[in-house]
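Input: a single structure, listed below in structure tokens.
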Amino acid sequence: MSKLSYLILFIGVATVSGLRSYDGYKVYQIEPKNENEVNVLTEVQDSGIGEFWEDYFDVDHKVRIMVSGDKQGVFLGKMKDANIEVVETISDVEKAVRNQMRPAIARNASNSEPFYGLTWDRYHNLATINAWLDRLVAAYPNIVSRVVMGYSVENREIRGIRINYKPNRNNNTNYIGIIEGTLHSREWICPATVTWIIKEFLTSTDPAVRAMAEDLDWHIFPVVNPDGYEYTFNTHRMWRKNRSPENFKSCAPYGEPDDMSHGVDLNRNFDFAWLSVGASNNSCSITYAGPTAFSEPESRAIAQYVLNLNQQGRLIYYLAFHSYTQLIVIPYSNVRGHEVLQNRNYADMYEIAKRGADAVSRRFGTSYRVGVAADVLYPMSGSSFDWVKLVTDIPVSYLVELRDMGEYGFLLPPEQIIPNNLEIMDGIIEMDRTTRILGYYSAGVANVLSVVLLAFSGLVCLLF
Ligand SMILES: [Zn+2]
């Protein structure tokens, strides 16, 4: 073997060994029954015994905790002492991580055909997704164009595509849809879903899909946190935040490695009730909101892009995909009870989401819940979809939490990508149907009906 080959081999091994190992790790699920049990969980988090997959603790609210082999004894001992019931949900995290890196075993031939080289039988890294976007731009020169929202902390492009079947629309009829994927980098099902929606918009022959694809000017971004996403592939599978080093501090007092302070939770960094609830001012936290609202280039890029589009037509959709827990979340995330009416068209948004959720469940029985974050998830601030709703008054802005309910959580096996995508497509098509019926497009059915009714009443007046 030549020296060069050894060097290449060494680099290859070094790269592979850069990926953090989860040998011996397990994931446990706990559903605290009272405030005392919630306090025990908070103590466990503060002591750094486990890595929490949820960032909010409440009575009757399930949380999953990933615990390394050497801390499982202490963890289970604490739970036993406090009489807290523990369910082991993932017995071998390393195996689940590796399982996610491989292609699906059972392939459904008709649905896993590559489309310009991309498949949905596995999860793809950033370079593969970006190369695919380039191929689409080349393949559909009159419909698809390349868009860059801005740049990440590590100077990566935040890339997307625009799908515009009718480039000559004027501002009044230019209905705009925006899809945001992967603001949280470990939620790998998100780019797999968003790329599928792109494929369906370009290829489906279903009239409802065609109408949704062609009646709007679409701006679709599979990965808006490119640094974090890349980091989940080459270093830390469970990374959620961006990769800002600006707020470095030692995380030892919180039982975390210092690297944890290298990042801001982008979905807490928008200027929506910033840092008021469900967010942390500690850079070692996974919900660190940043030193100020819009401190991060990724959140600023999204905001500026949305504001620019708001000048170019009528925003109809902002869909932000996350995982997991199967929810369609309605703005605003800092309200509950009667306060939901601070969202001017809450009732319509509930109706659209509920019909969407019903459509999702029809194919495989997957159940999605609908509501404001404080009711179905936990109250939060600084989130993108709330900010977009508040600032632009866009009629339909949701945060969608995809599969599953926590069985695999972020480590959803590749076999579930296509079933997830099929049911989500059913859901958004039904949402679009409802949005039209409710009259949010001027060409919507409600408006057509009202024109017919007006014409009919005019005729009646003439006759009598
Ligand atoms: Zn998320």
Side-chain angles (χ1 to χ4, degrees), residues 27 51-57 61-64 66 100 123 126 152 158 178-194 197 221-233 236-244 260 263-270 272 274 277-280 285-290 296 298-299 302 318-334 368-374 376-389 397-406 408-412 416-417 420 424:
V27 175
E51 209 171 295
F52 282 71
W53 281 14
E54 276 82 12
D55 43 40
Y56 177 77
F57 310 148
H61 190 100
K62 284 180 187 149
V63 292
R64 286 98 193 164
M66 188 169 72
Q100 229 194 2
Y123 295 99
L126 187 68
S152 65
I158 304 171
I178 307 167
I179 297 181
E180 170 212 289
T182 332
L183 198 56
H184 289 148
S185 45
R186 63 186 174 184
E187 299 164 4
W188 280 9
I189 188 62
C190 300
T193 304
V194 173
I197 294 171
F221 295 84
V223 182
V224 292
N225 176 7
D227 298 348
Y229 191 61
E230 186 68 11
Y231 202 60
T232 61
F233 274 83
H236 189 335
R237 173 65 191 87
M238 293 302 161
W239 193 258
R240 160 184 167 107
K241 304 189 283 185
N242 77 347
R243 288 295 297 159
S244 170
M260 196 54 168
V264 171
D265 182 347
L266 295 173
N267 211 33
R268 300 292 182 277
N269 190 240
F270 285 70
F272 168 79
W274 181 78
V277 60
S280 172
S285 164
I286 57 169
T287 56
Y288 177 48
E296 303 310 298
E298 295 89 351
S299 49
I302 294 170
Y318 192 88
L319 302 176
F321 285 101
H322 289 255
S323 78
Y324 53 87
T325 51
Q326 296 168 199
L327 302 171
I328 303 173
V329 184
I330 303 170
Y332 292 107
S333 298
N334 61 343
Y368 273 63
R369 289 179 302 141
V370 170
V372 292
V376 295
L377 189 63
Y378 42 78
M380 61 179 172
S381 55
S383 47
S384 64
F385 80 117
D386 284 320
W387 179 86
V388 173
K389 177 71 180 168
S397 180
Y398 295 122
L399 182 156
V400 180
E401 296 274 5
L402 298 164
R403 285 191 185 197
D404 56 9
M405 287 301 290
Y408 295 99
F410 306 117
L411 302 176
L412 194 70
Q416 292 202 36
I417 297 173
N420 166 83
I424 285 300

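Residue numbers start at 1 and run along the sequence shown. In listed order, ligands and their atoms are each counted from 1.
Across every non-hydrogen atom of R403 and S323, the tightest pair is O-CB, 3.7 Å.
Note that CG of L183 is 14.0 Å distant from OH of Y229, once rounded to the nearest 0.5 Å.
When distances from the Zn ion (ligand 1) to the N, O or S atoms of H322 are compared, ND1 comes out shortest.
Residue contact annotation: H184 places an N/O/S atom under 2.8 Å from the Zn ion (ligand 1). In summary, an N, O or S atom of E187 is located under 2.8 Å from the Zn ion (ligand 1).
Not less than 6.0 angstrom separates the ring centroid of Y123 from the ring centroid of F233. The distance between the ring centers of F410 and Y324 falls below 6.0 angstrom.
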